[in-house]
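Numbered from 1 within each chain, the chains take letters A, B, ... in sequence-line order.
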Amino acid sequence: MKHTIRRIVLNAAQKAFENGELPSGRFPEMEIEEPRHKSQGDFSTNFAMVSASIQKMAPGKIAESIVSSIEKGSLIEKVEIAGPGFINFFLSNKAWHPVIDRILEQDKAYGSSDIGQNEKVQVEFVSANPTGPLHVGHGRGAAVGDSVGNILSFAGFDVQKEYYINDSGRQIRTLGTSVWLRLLQMTGKEIKFPDDCYKGGYIKDLACEILEKEGKDFVLGDEKEAIEFCAKFAAEKILQGIKDDLAGFGVKFNQFFSEQSLYDSGRVQKAIEEFTSKDLIYRKDGALWFKTKDFGDEKNRVVVRNNGRTTYFASDIAYHMEKYERGFQKVIDVWGADHHGYIKRIDASIVASGRKSEQFEVILIQLVNLLRGGKPFQMSTRAGEFVTLKDIVDEVGRDAARFMFLSRSYDSGLDFDLELAKQKNSQNPVYYVQYVHARITGILLKAKKENIIRDIDFNKGKHLHLLDAGEEIHLLKILSTFGQTVEKSAKTLHPHVIFTYLMSLASAFHGYYNKHKVITDEKELTRARLSLVLGVKKVIRNGLTLLGVTAPERM
RNA sequence: GCGCCUGUAGCUCAGUUGGAUAGAGCAACGGACUUCUAAUCCGUAGGCCGCAGGUUCGAAUCCUGCCAGGCGUACCA
């Protein structure tokens, strides 16, 4: 619709130039926007204002000549000049009707686009260390990453979702030690459990499992080997648990990528050699340093410590190089906000390896504050016990949890109230939107039962011109903007834009529902309204799908 | 000290690559179920858009400087 308006304005400007009303044939970029107030029309352009300096005319005068040159088609009811030179377009009702046919025809594809041009994009998210179960923060990251992936793919990108497993290094060794020590305690040894070991109850469970499987003699074996065994066993077990929790949360990855594999294949070593030969890595105080400062970082960073061990930064460099080698034009990492200091150095390594900074983007997720009934929900990190993602999904349900995580911009901290997320009323936005889908399903079932329509998925909306109530036109307008909403969400990488859209569509529908009956004695009007609500149903479903939330037939 | 994020109604937050008169939910108050699901709707009230400058036809939005809060500033992960 916006494109149509733009074309009309440009045609009018060209015509005005040709008959001498405008001195210049140069037309600058204009905005076509949807004004807040109805009195300002359906669309508005600032063309006259941005042309003032080129035409050397007052905006009002330019607007006048444009308006007089506009070819009035059947879509436009009237055109007005207002304020400092806005040209306002008022569309006739029938301009909005075709959107219904488009929705019914495109169905699950309605709202999709090809702005991504099939560009290969990777979204890496969660990537929690396999040293413990996923917690609330991971949940927000999972919801955002998964949803961003869905949205990008709907917008025409070729998306791959990946989870990076930190299965090498100190944390895994610590994990092994933690399990080993618990195991020793279970066999009666008096041991002071160190502070820097993992204390969660799941460690004891794992120790128990090993004891059961391997028998008591296990503790008599070589300690180093035993700890390694514990580490491997625990990491695999925990990772499987993480995968299960993610599946329960409706998140599916295309690939799990192992950090250890970067060492095994020599990719890390290769990266270090490459940058050393480019003089970007140097030795100082017995350690190897990467010159990230040359690329905008505050200081240079260590890749190999003076004890010979690599830092996580080393494998992260190799990992990101490897990503681009796999053909991704763009790489998006979803991180917790506490890692933001890490962005510059990764970006530096990417630029150093010859990629553009624009090919790398980090989505920083701000903290989640867990509440219960408005009160902060204390979790004792001291004891290593915390509220897991699974706890939350079990308590409030997957849909409510995902919707809550995506309800706000990830740039802001999020208050997640468990009681509120459980409530089945207007306080809880997920039901507000899902209820629309269920209500419409009810209407369609009734229509089918009463033989008004034979098949719920009838193809063509008929008699659409009968849709002329204010609430109906309002709904049609919202339906017609779904595509641009998805585009905006894809461009800004912000899923909550979809959330906000769904809330306003749901609100418009509930208002309509309460004022008008869909199934009436007038057969043709009923058919028209049925196709309208079927359109709403499909758009609600498409939007919810992007957020990973189900669209129930009944509630 | 430096870096990132945030500051909009009593609370939680939206606010379209700068647009005209600032938006929603909750909470408060008053209404609407013999109906296709009241998990809903309608109405009322509520604002120095943190503060101060700047950029221009025009600023909640962009720039600068302050103020407040969160997070980060390791040869940790």
Side-chain angles (χ1 to χ4, degrees), chain A residues 29 31 33-37 39-40 44 46 49-50 52-53 58-59 82-86 88 129 131 166 169-172 174 196 284-289 297-299 301-313 336-344 362 364-367 369 371 374 407-415 417 420 423-436 438-447 449-450 481 484-485 488 491-492 496-497 499-500 503-504 506-507 509-520 526 529-530 533 554-555:
Chain A
E29 272 300 304
E31 298 278 342
E33 57 188 19
E34 296 150 52
R36 269 196 279 269
H37 301 278
S39 63
Q40 293 162 358
S44 175
N46 60 355
M49 282 124 83
V50 295
S53 60
F86 289 105
N88 296 338
N129 293 338
T131 54
N166 286 115
R170 216 187 73 127
Q171 280 195 111
I172 294 295
T174 306
D196 57 354
K284 189 188 138 202
D285 301 334
L288 290 182
W289 298 71
D297 199 4
E298 290 167 21
K299 49 181 281 192
R301 308 288 175 176
V302 169
V303 286
V304 181
R305 291 181 276 173
N306 61 11
N307 63 8
R309 288 195 190 280
T310 50
T311 61
Y312 269 53
F313 183 41
D338 51 341
H339 288 73
H340 78 257
Y342 217 68
I343 297 177
K344 274 241 173 80
V362 178
L364 282 184
I365 313 276
Q366 296 294 322
L367 286 179
N369 300 308
L371 307 176
S407 64
R408 308 292 182 215
S409 166
Y410 48 70
D411 290 330
S412 295
L414 177 73
D415 289 338
D417 194 314
L420 197 148
Q423 281 175 39
K424 301 194 170 183
N425 57 29
S426 56
Q427 303 226 28
N428 195 343
V430 70
Y431 299 108
Y432 188 79
V433 175
Q434 287 184 320
Y435 190 37
V436 173
R439 268 188 154 171
I440 293 174
T441 307
I443 296 171
L444 294 171
L445 278 174
K446 186 184 175 192
K449 210 179 281 172
E450 295 180 3
T481 61
Q484 70 198 54
T485 302
K488 184 188 165 195
K491 280 180 187 159
T492 60
H496 80 278
V497 171
F499 171 92
T500 307
M503 289 299 281
S504 70
S507 166
F509 173 78
H510 286 311
Y512 175 61
Y513 179 92
N514 270 275
K515 189 159 176 189
H516 300 281
K517 293 217 49 145
V518 172
I519 297 172
T520 66
T526 300
R529 288 185 171 172
L530 281 171
V533 299
R554 255 194 313 273
M555 287 172 71

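For A:I519, the listed nucleotide lying nearest its side chain is B:rC36; candidates were B:rC75, B:rC71, B:rC36. Set against B:rC4, B:rC75, B:rU6, the side chain of A:D411 has B:rU6 as its closest nucleotide. For A:K299, counting side-chain heavy atoms from C-beta on, the closest listed nucleotide (B:rG15, B:rC75, B:rC5) is B:rC75. Counting only heavy atoms from C-beta on, A:Y431 has its side chain closest to B:rA39 among B:rG19, B:rC36, B:rA39. Considering only the side chain of A:A287, B:rC75 comes nearest among B:rC75, B:rC36, B:rU21. Closest to the A:K488 side chain, of the nucleotides B:rU12, B:rU16, B:rA20, is B:rU16. Ranking B:rC36, B:rA14, B:rG15 by closeness to the A:K446 side chain, first place goes to B:rC36. Taking only side-chain atoms of A:H340, from C-beta outward, the nucleotide of B:rG19, B:rC75, B:rG72 with the closest atom is B:rG72. For A:L367, counting side-chain heavy atoms from C-beta on, the closest listed nucleotide (B:rG70, B:rG19, B:rU6) is B:rG70. Set against B:rC36, B:rC76, B:rC13, the side chain of A:R305 has B:rC76 as its closest nucleotide.
Between B:rU40 and B:rA22, the two P atoms lie 30 Å apart (nearest whole Å). Rounded to whole Å, the P atom of B:rA14 lies 22 Å from the corresponding atom of B:rG72. Distance noted for atom P between B:rC51 and B:rC33: 45 Å (whole Å). Rounded to the nearest Å, the gap between the P atom of B:rG31 and that of B:rC13 is 32 Å. Here the separation of B:rA60 from B:rG53, taken at their P atoms, is 14 Å to the nearest Å. Using P as the reference atom, B:rU34 and B:rA20 are 43 Å apart when rounded to the nearest Å. One P atom belongs to B:rA9, the other to B:rG25, and the distance between them is 16 Å to the nearest Å. Nucleotides B:rU21 and B:rG58 have their P atoms positioned 14 Å apart, rounded to a whole Å.
Around CD of A:E29, the count of heavy atoms belonging to other residues, nucleotides or ligands within 6.0 Å does not exceed 12.
When the P atom of B:rC42 is taken as reference, atom CG of A:N514 falls 7 Å away, rounded to whole Å. Protein atom NZ of A:K491 is 9 Å distant from nucleotide atom C1' of B:rU17, rounded to whole Å. B:rG19 atom P lies 15 Å from atom CG of A:N88, rounded to whole Å. Separating the OH atom of A:Y410 from the P atom of B:rC5 is a distance of 12 Å, rounded to the nearest angstrom.
Formation of a donor-acceptor pair under 3.5 Å by the A:H516 side chain with backbone atoms of A:Y513 is not found in this model.
None of A:T311, A:L288, A:D285 except one satisfies the side-chain contact (heavy atoms from CB on, under 4.5 Å) rule with A:V302; the exception is A:T311.
Taking the six-membered ring where the residue is Trp, the centroids of A:H496 and A:Y410 are separated by 6.0 Å or more.
Between B:rA38 and A:Y513, a contact under 4.0 Å exists linking OP1 or OP2 to a side-chain N or O. The shortest distance between the side-chain N/O atoms of A:H496 and the OP1/OP2 oxygens of B:rG15 is below 4.0 Å. Within the structure, a side-chain polar atom (N or O) of A:R439 is placed less than 4.0 Å from OP1 or OP2 of B:rA38. Between A:K515 and the phosphate of B:rU35, there is no side-chain N or O to OP1/OP2 separation shorter than 4.0 Å. A sub-4.0 Å separation between OP1 or OP2 of B:rC41 and a side-chain N or O of A:Y432 is present.
For the pair A:Q366 and A:G413, the tightest heavy-atom approach, listed with the atom from each and the gap, is CB-N, 3.7 Å. Of all heavy-atom pairs between A:N428 and A:L420, the closest is ND2-O, 3.4 Å.
Under a cutoff of 6.0 Å and an axis angle of 45°, A:R439 and A:F509 do not form a cation-pi pair.
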Whenever both distances are under 3.5 Å in a Watson-Crick or G-U wobble pair, mark it; put RNA chain B into dot-bracket that way, with [ ] for crossing pairs and | when the partner is on another strand.
(((((((..((((.....[...)))).(((((.......))))).....(((((..]....))))))))))))....

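Remark: the A:N46 side chain and the B:rA20 base include no donor-acceptor N/O pair separated by less than 3.5 Å. Between the side chain of A:S504 and the base of B:rA24, no donor-acceptor pair under 3.5 Å is found. With hydrogens and angles left out, the side chain of A:H339 and the base of B:rG72 share no donor-acceptor pair within 3.5 Å.
Judged by distance alone, the side chains of A:Q484 and A:E34 do bring a donor and an acceptor atom under 3.5 Å apart.
A:N306 comes within 4.0 angstrom of a nucleotide base, judged by non-hydrogen atoms across all strands. Across all strands shown, A:N129 has heavy atoms under 4.0 Å from sugar-phosphate atoms exclusively, and none from any base.
The shortest side-chain heavy-atom distance between A:R309 and A:V304 does not fall under the 4.5 Å cut-off.
A syn base is found at B:rC33: its glycosidic angle is within 90° of 0.
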